[in-house]
Engineer: 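I'd like to ask some things about the structure below.
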Amino acid sequence: MFNRLTGTRDALVADYPGLTRDRIYGFTAASLPPAVVIDTGGLAERGDELADLMHAQVELAVAEADVVVMLADGQAGATGEDQYVASLLRRSGKPVVLAVNKAEGRDVQAFVSDFWELGLDTPMAVSASHGDGVRELLAAALAHCPSAGDADTARTVAEGACITVVGRPNVGKSTLINRLLREDRLVTRDEPGTTRDAVRVPFELDGVPYTLVDTAGIRRRARVTEAIEKFSIAKTLQAVDEADAVIVMLDAREGVTEQDASLIGLVLERGRALAIGINKWDGMSDSQRRKFMHGLDHALPFLDFVEKHPVSALHGSNILDLFRSATRAATAARAELPTKELTRVLEEVVATHPPPMVRRHRIRLTYAHQGGRRPPLIVVHGNQTELLPDSYRRYLVNEFRRAFDLAGTPIRLELRTGHNPFAGRRNVLTQRQVAKRQRLRRHSRR
Ligand SMILES: Nc1nc2c(ncn2[C@@H]2O[C@H](COP(=O)(O)OP(=O)(O)OP(=O)(O)O)[C@@H](O)[C@H]2O)c(=O)[nH]1
Ligand SMILES: [Mg+2]
């Protein structure tokens, strides 16, 4: 069911180990309404050590959740274990949606009839492997989440652009926000895991309203001893998804770690605009600073479109520059790109550096239009576009970025080949052409 909801295993973004069974986090597939999904291990009634550890993992996931989906095996019928799970979930106080799985090809009413006795809401017949009822299940679950749906439009009108601060634990996210606000609004401490939930605070700069979002520090893999961390990963992921721009905070004293790179990868994968703050720059020697910058270019070579600022959240130096980079990135993410301008830029770019020849034909790129915003999606039309090399795609993106001043936001490019009127038509020779061909053959044989 998790794979079905998230589309593929690629949607997997965080992998939290317990001793026994991980909590796995993912985003719903693009064709479904947006949500963060957590997969948990099975709940067993046996009171051994293994079951206890699994319980702890499930409890943490339930605590983070707005709504819980209980998945039962319909082909096995309602069992004592289902009764047990249902009673645990009822006690959690969270809304529960009951899904009865493996319903493909069955009569729905009869299939779920067993499950009314669990005393949860209406049981829904689903098939995770076939996809039946999955969309309905998600809709039923989201109906329990007040923030779902049109939150996006409501927010941008009322509260301005939403700038979310993310980074490993203890890098100074809350300190940055406090310094921007000029008050100790958020708890900061020299200890990872200080912030446990995503916190939204209003902020105004030069008369423009924004929403700042502080998040719990996210790390890809906790050590086993830290498996029982109480902060909400789901809320951090959701805050990234809802952001207009993300500030990724790094700790200059620790260099760019693999976790930083994977967090930035997650932000880009979700198509979010960003700026990078290199924090705790104070008290570092020149050679330490040089070493960090060198490591940064090396670790993140593909990030030249993202603005990076060394800052001290503690002292407030450069933090406004960092914030302004983020707001520019947010604006770029929502930029409107008129078809006329896009096509003009495309024509110029193609005239300067034409696409390569493929099988003695030149790939033709004729016009471009905008297919979406946040992040900008540019659709380029032409012929044989599927043969366009990656290097040329990158070149196009860079040129569009430059022409429209789109710093800080990823840009998506979609190539579309128009209908080719000759496709699939066999070339039928005329009588004279057939005769000529035969003559030529005879001639060459001789
Ligand atoms: N020297 C120095 N210390 C800083 C700076 N920014 C933050 N710190 C310190 O780093 C520690 C952690 O800061 P927090 O703001 O709580 O970090 P966080 O990223 O919110 O941490 P979590 O909420 O646990 O994810 C605190 O002791 C801060 O005083 C800075 O620019 N320079
Ligand atoms: Mg914090």
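Every value quoted in this text rests on a predicted model; they were computed, and no experiment measured them. Side-chain atoms are counted along with the backbone in the values below, which use heavy atoms only and exclude waters and symmetry mates. Throughout, numbering of the chain's residues begins at 1 and tracks the sequence. Just follow the structure's listing: the first ligand is 1, and inside any ligand the first atom is 1.
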Engineer: Suppose I only count heavy atoms of Gly217 and a 4.0 Å limit; which atoms of ligand 1 are within that range?
Structural biologist: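 Answer for ligand 1: 25 (O).
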Engineer: Run the numbers for me: atoms of ligand 1, each under 4.0 Å from some heavy atom of Val171, listed by number.
Structural biologist: 19 (O)
Engineer: Mind checking how many protein N/O/S atoms fall short of 2.8 Å from the Mg ion (ligand 2)?
Structural biologist: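 Protein heteroatoms (N, O, S) closer than 2.8 Å to the Mg ion (ligand 2) number 2.
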Engineer: Just heavy atoms, cut-off under 4.0 Å: does Asn170 contact ligand 1 by side chain, backbone, both, or neither?
Structural biologist: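 The answer is both.
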Engineer: Please assess Glu347 against Arg344 for the test salt bridge (Lys or Arg N to Asp or Glu O under 4.0 Å), listing each intermediate value before the final yes or no.
Structural biologist: CA-CA 5 Å; Glu347 283 167 357; Arg344 184 182 54 76; over 6 Å; no
Engineer: Does ligand 1 have a heavy atom under 4.0 Å from the side chain of Met284, from its backbone, from both, or from neither?
Structural biologist: neither
Engineer: Show, in sequence, the C-alpha distance, side-chain angles and deciding distance for Arg416 and Glu414, and conclude whether the salt bridge (Lys or Arg N to Asp or Glu O under 4.0 Å) test is met.
Structural biologist: CA-CA 7 Å; Arg416 267 188 218 163; Glu414 188 182 314; 3.0 Å; yes
Engineer: Can Ser174 and Thr188 be counted as having a side-chain donor-acceptor contact under 3.5 angstrom?
Structural biologist: no
Engineer: Nearest heavy atom to atom 19 (O) of ligand 1: which of Arg168, Arg189, Lys173, Lys280 does it belong to?
Structural biologist: Lys173
Engineer: Going by distance only, is there an N or O of Pro169 that falls short of 3.5 Å from an N or O of ligand 1?
Structural biologist: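 No; every N/O pair is 3.5 Å or more apart.
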Engineer: I would like to know whether Lys280 and Glu254 meet salt bridge (Lys or Arg N to Asp or Glu O under 4.0 Å); could you show each step before the answer?
Structural biologist: CA-CA 10 Å; Lys280 310 197 183 178; Glu254 300 195 8; over 6 Å; no
Engineer: Indicate yes or no: does Asp132 engage Arg106 in a salt bridge with an N to O separation below 4.0 Å.
Structural biologist: no
Engineer: Using a plain distance cutoff, I'd like to know if Ser174 has any nitrogen or oxygen under 3.5 Å from a nitrogen or oxygen of ligand 1.
Structural biologist: yes
Engineer: Thr339 and Gln370: side-chain donor and acceptor closer than 3.5 Å?
Structural biologist: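 No, Gln370 and Thr339 have no side-chain donor paired with an acceptor closer than 3.5 Å.
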Engineer: Below 4.5 Å, heavy atoms only, C-beta onward: do Arg90 and Leu120 meet side chain to side chain?
Structural biologist: yes
Engineer: Going by the order shown, which atoms of ligand 1 are within less than 4.0 Å of some heavy atom of Arg253?
Structural biologist: 1 (N)
Engineer: Find all atoms of ligand 1 within a distance of less than 4.0 Å from any non-hydrogen atom belonging to Leu314, and give their numbers and elements.
Structural biologist: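 Listed by number with element: 1 (N), 2 (C), 3 (N), 5 (C), 6 (N), 29 (O), 30 (C), 31 (O), 32 (N).
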Engineer: Starting from atom 6 (N) of ligand 1, find the nearest protein heavy-atom neighbour and note its residue, name and distance.
Structural biologist: Asn279 ND2, 3.0 Å
Engineer: Can you name the nearest heavy-atom pair linking Pro310 to Lys308, along with the distance?
Structural biologist: CD-O, 4.1 Å
Engineer: Taking the inter-plane angle between the rings of Tyr210 and Phe323 on a 0 to 90° scale, is it parallel (under 30°), tilted (30 to 60°) or perpendicular (over 60°)?
Structural biologist: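 Ring orientation, 0 to 90° scale: perpendicular.
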Engineer: Assess the side chains of Ser262 and Gln259: does a donor N or O sit below 3.5 Å from an acceptor N or O?
Structural biologist: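 No donor-acceptor contact under 3.5 Å links the two side chains.
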Engineer: What's the shortest distance from atom 14 (P) of ligand 1 to any protein heavy atom, and which residue and atom give it?
Structural biologist: Thr175 OG1, 3.5 Å
Engineer: Does any N/O atom on Gly172 come nearer than 3.5 Å to any N/O atom on ligand 1?
Structural biologist: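 Yes, there is a polar N/O contact under 3.5 Å.
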Engineer: Under 4.0 Å, heavy-atom basis, I'd like to know which part of Met249 is in contact with ligand 1: side chain, backbone, both or neither.
Structural biologist: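 No part of Met249 comes within reach of ligand 1.
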Engineer: Fit a plane to each ring of His298 and His294, take the angle between them on a 0 to 90° scale, and name the class: parallel (under 30°), tilted (30 to 60°) or perpendicular (over 60°).
Structural biologist: parallel
Engineer: Against heavy atoms of Asp282, which atoms of ligand 1 measure under 4.0 Å?
Structural biologist: 1 (N), 2 (C), 30 (C), 31 (O), 32 (N)
Engineer: For Asp260 and Thr257, indicate whether the former's side chain and the latter's backbone hold a donor-acceptor pair under 3.5 Å.
Structural biologist: yes
Engineer: Are Asp251 and Asn170 linked by a side-chain donor-acceptor pair shorter than 3.5 Å?
Structural biologist: no
